[in-house]
Amino acid sequence: MTRENARPDVPRWARAAATGAALTNVPSALWRLAIAVGIPVGLAPSEYERMGAPGWGSLFLLALSLVSEVLAFLTLGLVRSWGETWPRWIPYLRGRRVPVLAATVTAGLGALATTVYGALFVYTSFHARMDASTWGTWLLDIAYAPLILWGPLLAAVTVHYYRRRTASARPGGDGLRSAGVRPRSIHSPYAASRGLNSVHSPRR
């Protein structure tokens with residue numbers, strides 16, 4: 001993560017979860033790419049023919065791998081600066097703040113969709129009747145198993161993103177909350193005599 005994109009108010013667990021979500025697609029994408037170019041992965045030749053690879057079917061496998069990895073990569077925006085301010089390379093929007101609600105709803109729907117997507121793909125791979133060797137079947141299962149984590153990891157990072165941005169939007173949120181200190185109100189006769197309802201002091 002570059003210094004320009006790093007967010008000092010993002011805890012280590014959130015950065016790790018976002019990185020994990022972005023990487024969950026890599027094993028299955030590599031497996032599909034291997035089939036697309038004809039690398040043996042323990043499948044019988046009939047399976048390659050059924051998927052049309054190498055050939056026109058390879059384009060579908062390549063497109064699926066690319067799209068899924070790009071979508072997974074967007075999770076990193078929830079813990080980096082370009083997830084809060086539109087990057088310079090986006091016309092008309094660059095430099096503007098990313099709406100919190102729009103980003104949260106989009107990421108939340110993505111978490112729901114990827115949870116279903118991961119469960120279906122893992123179930124399909126585990127129960128697929130494919131003409132494959134024993135090690136080929138194991139390789140398929142291992143490649144698709146990480147997809148189970150995509151949805152839950154994205155959901156956890158989405159909740160943190162919403163809480164962090166809404167907290168920093170409140171008065172005093174940037175300082176105390178980003179430092180892990182929560183404010184509390186102290187009511188005293190002295191404050192009342194001065195016309196002050198409360199005095200905020202950090203809770204240690």
Side-chain angles (χ1 to χ4, degrees), residues 1 10-80 82-83 98 100-164:
M1 182 182 301
V10 175
R12 182 178 300 178
W13 73 262
R15 294 196 298 267
T19 302
L23 295 177
T24 53
N25 277 270
V26 173
S28 57
L30 292 177
W31 185 86
R32 289 190 295 269
L33 290 177
I35 294 178
V37 297
I39 297 177
V41 290
L43 300 181
S46 59
E47 294 294 336
Y48 284 85
E49 295 176 1
R50 184 174 62 86
M51 288 183 280
W56 288 105
S58 299
L59 296 178
F60 172 77
L61 295 174
L62 292 173
L64 178 60
S65 298
L66 179 61
V67 171
S68 62
E69 193 53 47
V70 168
L71 292 176
F73 177 80
L74 292 177
T75 308
L76 297 177
L78 300 175
V79 296
R80 298 191 179 185
W82 52 269
V98 176
V100 180
L101 186 59
T104 303
V105 171
T106 302
L109 292 176
L112 176 62
T114 51
T115 298
V116 176
Y117 167 84
L120 289 178
F121 262 67
V122 170
Y123 178 86
T124 301
S125 64
F126 278 20
H127 295 80
R129 296 181 179 179
M130 304 183 69
D131 189 1
S133 62
T134 301
W135 72 268
T137 302
W138 277 99
L139 181 61
L140 172 65
D141 294 342
I142 293 173
Y144 276 89
L147 290 177
I148 298 178
L149 301 176
W150 188 4
L153 289 175
L154 176 56
V157 179
T158 300
V159 172
H160 173 267
Y161 174 85
Y162 176 78
R163 295 183 63 182
R164 176 170 57 84

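It should be emphasised that the depicted structure is a prediction, and the values quoted were computed from it without experimental measurement.
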Quiz prompt | Pairing residues for Thr114 by the side-chain contact (heavy atoms from CB on, under 4.5 Å) criterion, not counting sequence neighbours | solution = Trp150, Leu154
Quiz prompt | Spacing of Leu139 atom CG and Thr134 atom OG1 [to the nearest 0.5 Å] | solution = 12.5 Å
Quiz item: Shortest non-hydrogen contact from Ala29 to Ser65?
Solution: O-OG, 3.6 Å
Exercise. Kindly state each residue pair satisfying salt bridge (charged side-chain N to carboxylate O under 4.0 Å, His left out) with at least one member in residues 109-119, sequence neighbours excluded.
Key: none
Practice problem: State the CG-CG distance between Leu66 and Leu33, to the nearest 0.5 angstrom. | Solution: 9.5 Å
Quiz item: Taking all non-hydrogen atoms of both residues, which atom of Ala21 and which atom of Thr75 are closest, and how far apart?
Solution: CB-CG2, 3.8 Å
Quiz prompt | With Tyr144 via ring-ring contact (aromatic ring centres under 6.0 Å, His included) - residues at least two apart | solution = Trp31, Phe121
Practice problem: List for me each residue that meets side-chain contact (heavy atoms from CB on, under 4.5 Å) alongside Val98, sequence neighbours excluded, and say none if there are none. | Solution: Trp86, Ala103, Tyr161, Arg165
Quiz prompt | With Thr115 via side chain to side chain donor-acceptor pair (under 3.5 Å) - residues at least two apart | solution = none
Exercise. Can you sort out the partners of Phe73 under ring-ring contact (aromatic ring centres under 6.0 Å, His included), two or more places apart, ordered by chain and number?
Key: Trp82
Exercise. Name all residues meeting the side-chain contact (heavy atoms from CB on, under 4.5 Å) criterion together with Ile142; count only those two or more places apart in sequence or in a different chain, and write none if there are none.
Key: none
Quiz item: Please, which pairs that meet side chain to side chain donor-acceptor pair (under 3.5 Å) have at least one residue in residues 40-64, sequence neighbours excluded?
Solution: Glu47-Arg50
Quiz prompt | Minimum heavy-atom distance between Gly108 and Thr158, given as atom pair plus value | solution = N-CG2, 3.9 Å
Self-check item: Where at least one partner belongs to residues 132-154, residue pairs that pass salt bridge (charged side-chain N to carboxylate O under 4.0 Å, His left out), sequence neighbours excluded
Solution: none
Practice problem: Quick one: list whatever passes side chain to side chain donor-acceptor pair (under 3.5 Å) with Thr19, sequence neighbours left out. | Solution: none
Self-check item: Shortest non-hydrogen separation from Val157 to Ala17 and the atoms involved
Solution: CG2-CB, 3.6 Å
Self-check item: Shortest non-hydrogen separation from Leu61 to Arg32 and the atoms involved
Solution: CD1-O, 3.9 Å
Exercise. Would you give the length of the straight line joining atom CD1 of Ile35 to atom CG of Leu140, rounded to the nearest 0.5 angstrom?
Key: 8.0 Å
Show me the side-chain donor-acceptor pairs of residues 36-43 shorter than 3.5 Å, one per line, residues at least two apart or across chains.
none

Exercise. Measure the CG-CG distance between Leu64 and Leu59 for me, rounded to the nearest 0.5 Å.
Key: 12.5 Å
Exercise. Could you grab the distance from atom CG of Leu30 to atom CD of Glu69, nearest 0.5 Å is fine?
Key: 8.5 Å
Quiz item: More than 12 foreign heavy atoms under 6.0 Å from OH of Tyr117: is that the case here?
Solution: yes
Quiz prompt | Arg164 side-chain N/O to Val79 backbone N/O, donor-acceptor pair under 3.5 Å | solution = no
Exercise. Would you please name every residue forming a ring-ring contact (aromatic ring centres under 6.0 Å, His included) with Trp13, sequence neighbours left out?
Key: His160
